[in-house]
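Let me begin by presenting the structure, written as structure tokens, before commenting on it.
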Amino acid sequence: MSNVIELKVPDIGGFSDVAVIEVAVKVGDTIQLDDALITLETDKATMDVPATGTGTVKAVHVAVGDKVSEGSLILTLETTSASQSAAAPAAAPTPASSSTAPQPASHTGAADLSCDVLVLGAGPGGYSAAFRSADLGQKTILVERYATLGGVCLNVGCIPSKALLHNAAVIDEAKHLAANGIVFGEPTIDLDALRAYKQKVVGKLTTGLAGMAKARKVEVVRGIGRFIDPHHLEVELTTGSCQDKTGDKKVIRFEKAIIAAGSRVLKLPFIPEDPRIIDSTGALELKQIPGKMLIIGGGIIGLEMGTVYSTLGARLDVVEMMDGLMQGADRDLVKVWQKVNEHRFDRIMLKTKTVAVEAKTDGIWVTFEGEQAPAEPQRYDMVLVAAGRAPNGKQIGADNAGVAVTDRGFIEVDKQMRTNVPHIFAIGDLVGQPMLAHKAVHEAHVAAENAAGHKAFFDARVIPSVAYTDPEVAWVGLTEEQAKAQGIKVGKSVFPWAASGRAIANGRDEGFTKLIFDEATHRIVGGAIVGTHAGDMLGELCLAIEMGCDPTDIGKTIHPHPTLGESIGMAAEAFEGVCTDLPPQRKR
Ligand code: FAD
């Protein structure tokens, strides 16, 4: 039986008069539930409006450039069956998918447990999704193969690395004080005690998470999960501190699922197994401090761990295929870091790759190729492989659930964190770069809210990045290099810390604060800080970008004196030519 219905703009988060930037359908098209109809652009985000009915388009009532609000008529649709009414709430936007959707399996057996929302993986993405789901009244089960919650970030990532970096920074700081007449003796390093401190930090946080799961009545099932159809996950139960299987299995039936299975260290095929060759997890175990250490990969993780090992006594070499370390950050920031850290390195080999690694009794012998490759193989006491991370998408039976996974193991999602299977969401490292904990947490909240029937979108303007090296290198939004590559006309303002009273008082005035403004709108679109505590200050720049601040908003905000954070206000003043803490500037 056919029926004509009207599809209207749903609740779009309180926005009105929003521009239509794309119309994806025309008269005569057959559309399915959730197909994207139009794309809207607010000053915060773009969003697709999905179909809430199935049928043939009879008339389209909007065109590109029109302004619409909640309730505006999009199209009239001749429905062919009992499709949803036009008043139905917006369904998920259709996810863009370059991976093909597999045919789902069908589980006919019984289930041991059931829930509204199942979360697979208890990293920052997974536990945040589970806790938010429970807070929204959903019966939630969290499946994790390891004994503790917190995933890579809490157990073998962000937190233990920062616990070690903190100790390294104190040692380095104590050395700097010699120039001020305060001389400490050479530190005695008790590796067992340092390792125990790091483990205590991790334990405090992971125990806290277990308590919060209990308080929310989130049921944690310990084991390796694998989808067996679109509504069932089989868990091989595990025990002990690793992934030891007990031999028992549990089948969980779920209404909605959130996949948060994260990522793992990328292994390079030509590297042999040897205890002297470690990845970031091995580096955090801090078994010994080598005399000579090679870091393969000049990214943030490798350089952070290198900082720790160097402060504890190792000499470093680093090899990087690209033309600079810490890719992603503007070169002026990296230059400051590099100058302060030169003393740690014997060799920084750029545009160079590792082509062979041989484990011999006297050390690990490595052969390089490229612009700065030494002619002969080099001997190292330890090699840290920090060449990136790979997503776990291919290891969870996603195809049984009909969830598409790309060749590289990522799961593609839309802005509601929905996979190609509408009741299954995915978040965190598994859905793409940047692989950062704070991105995973925000995605988790969006997925949990949508799974609970709310409407939420991941529409963050920017995701910040921080290298917790010494000095720290922190950046957010558009970089100068990106602006140049994209042909966006920007203006920049730099406040050198040599003019900051606090930085001088700290004896650390090598850094600077840089703000990047869009010349057309005058709004801040990017910013970066290199210097001590840069990461702690970056949040202000994130907020300024999210709020669409201009230099006056930032410059006229009173920052406390004397702080490093003042440099942000002063950089904004400098952009307008009104900073009185710098020599006279040209007024804009
Ligand atoms: P993960 O943390 O990877 O968690 C996934 C979880 O799923 C794991 O616990 C895993 O055991 C579990 N799992 C996977 N498959 C299954 C299965 N089949 N069954 C059951 N359980 C499963 N990010 C930052 O933002 N700041 C930092 O300073 C920072 N430092 C880092 C330092 C290091 C050394 C490393 C390695 C990473 C660092 N990161 C940092 C990255 C950060 O750790 C990740 O981005 C973050 O952990 C991703 O969270 P996630 O929830 O997506 O996945």
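Both ligands and their constituent atoms are indexed starting at 1 by order of listing. This one's a predicted model, so the numbers in the text were calculated from it and none came from an experiment.
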### D429, portion touching ligand 1 at heavy-atom distance under 4.0 Å
both
### Message
Does only the side chain of A260 get under 4.0 Å from ligand 1, or the backbone, or both, or neither? Count heavy atoms.
### Response
backbone
### Message
Students should be able to answer this: which protein heavy-atom is nearest to atom 33 (C) of ligand 1, and at what distance?
### Response
G157 CA, 3.4 Å
### Query
Counting each atom of ligand 1 from 1 as listed, which ones have a heavy atom of L436 under 4.0 Å away?
23 (N), 24 (C), 25 (O), 45 (O)
### Query
Any side-chain heavy-atom pair from L303 and W337 closer than 4.5 angstrom?
yes
### Query
Against heavy atoms of I224, which atoms of ligand 1 measure under 4.0 Å?
18 (N), 19 (N)
### Query
For H442, does the NE2 atom have more than 12 heavy-atom neighbours from other residues, nucleotides or ligands under 6.0 Å away?
no
### Message
I'd like to know whether ligand 1 has S128 as a neighbour, heavy-atom separation below 4.0 Å.
### Response
no
### Query
What about I427: any of its N or O atoms under 3.5 Å from an N or O on ligand 1?
no
### Task
Taking only heavy atoms of R389 into account, list the atoms of ligand 1 that are under 4.0 Å away from them.
36 (C)
### Message
Is the distance from the ring center of H423 to that of H231 below 6.0 Å?
### Response
yes
### Summary
Atoms of ligand 1 under 4.0 Å from any heavy atom of Y468, numbered from 1 in the order shown, are 28 (O)
### Query
Applying the side-chain hydrogen bond (donor to acceptor under 3.5 Å, both in side chains) test to T311, which of N167, D470, D172 qualifies?
D172
Which atom pairs, one a donor and one an acceptor, fall under 3.5 Å between side chains of residues 281-299 and the rest of the protein, sequence neighbours left out?
residue	atom	partner	partner atom	Å
E285	OE1	K287	NZ	3.1
K292	NZ	D317	OD1	3.4
K292	NZ	D346	OD2	3.3

### Task
Report yes if some heavy atom in the side chain of L430 is under 4.5 Å from a heavy atom in the side chain of F410; otherwise report no.
no
### Task
Give a yes or no on this: more than 12 heavy atoms of other residues, nucleotides or ligands lie within 6.0 Å of atom CZ of R331.
yes
#### Entry: Y146: numbered ligand 1 atoms lying under 4.0 Å from its heavy atoms
11 (O)
### Query
Can an N or O of L430 be found at a distance shorter than 3.5 Å from an N or O of ligand 1?
no
### Message
Between D332 and K335, does any NZ, NE, NH1 or NH2 come within less than 4.0 Å of an OD or OE carboxylate oxygen?
### Response
no
### Task
Run the contact test for L120 against ligand 1 with a 4.0 Å cut-off on heavy atoms, strictly below, and give the result.
yes
### Shortest heavy-atom approach to atom 39 (N) of ligand 1 - which of S263, C158, C153, S465
C158
### Atoms of ligand 1 close to G125 [distance to a heavy atom under 4.0 angstrom, numbered from 1]
51 (O)
### Query
Between M435 and ligand 1, is there a nitrogen or oxygen pair with a distance under 3.5 Å?
yes
### Message
Surrounding CG of D190 (heavy atoms of other residues, nucleotides or ligands, distance under 6.0 Å), is the total greater than 12?
### Response
yes
### Query
Does ligand 1 have any atom sitting under 4.0 Å from a heavy atom of R226?
no
### Distance-only donor-acceptor check, side chains T513 and S567, under 3.5 Å
yes
### Task
Find all atoms of ligand 1 within a distance of less than 4.0 Å from any non-hydrogen atom belonging to G223, and give their numbers and elements.
19 (N), 20 (C)
### Query
What is the closest protein heavy atom to atom 8 (C) of ligand 1, and at what distance does it sit?
E144 OE1, 3.4 Å
### Query
Counting only heavy atoms, which portion of K162 has something under 4.0 Å from ligand 1: side chain, backbone, both, or neither?
side chain
### Task
Can you establish whether the number of heavy atoms outside K162 located under 6.0 Å from its atom NZ is more than 12?
yes
### Query
Which is it for I301 and ligand 1 at heavy atoms under 4.0 Å: side chain, backbone, both or neither?
side chain
### Message
Considering A129, A283, A261 one by one, which has a heavy atom nearer to atom 14 (C) of ligand 1 than any of the others?
### Response
A261
### Query
Nearest non-hydrogen atom to atom 49 (O) of ligand 1 belongs to which of G428, P124, G123?
P124
### Task
Can you sort out which atoms of ligand 1 are near G151, meaning under 4.0 Å from one of its heavy atoms?
2 (O), 4 (O), 8 (C), 9 (O)
### Query
Do the side chains of I271 and K267 get nearer than 4.5 Å, heavy atoms only?
no
### Message
Can you tell me which portion of A122 lies within the under-4.0 Å heavy-atom range of ligand 1? Options are side chain, backbone, both, or neither.
### Response
backbone
### Query
Going by an N to O cut-off under 4.0 Å, is there a salt bridge joining E342 and R344?
no
Would you mind writing out the side-chain donor-acceptor pairs for residues 120-128 within the sub-3.5 Å range, not counting sequence neighbours?
residue	atom	partner	partner atom	Å
S128	OG	P124	O	2.5

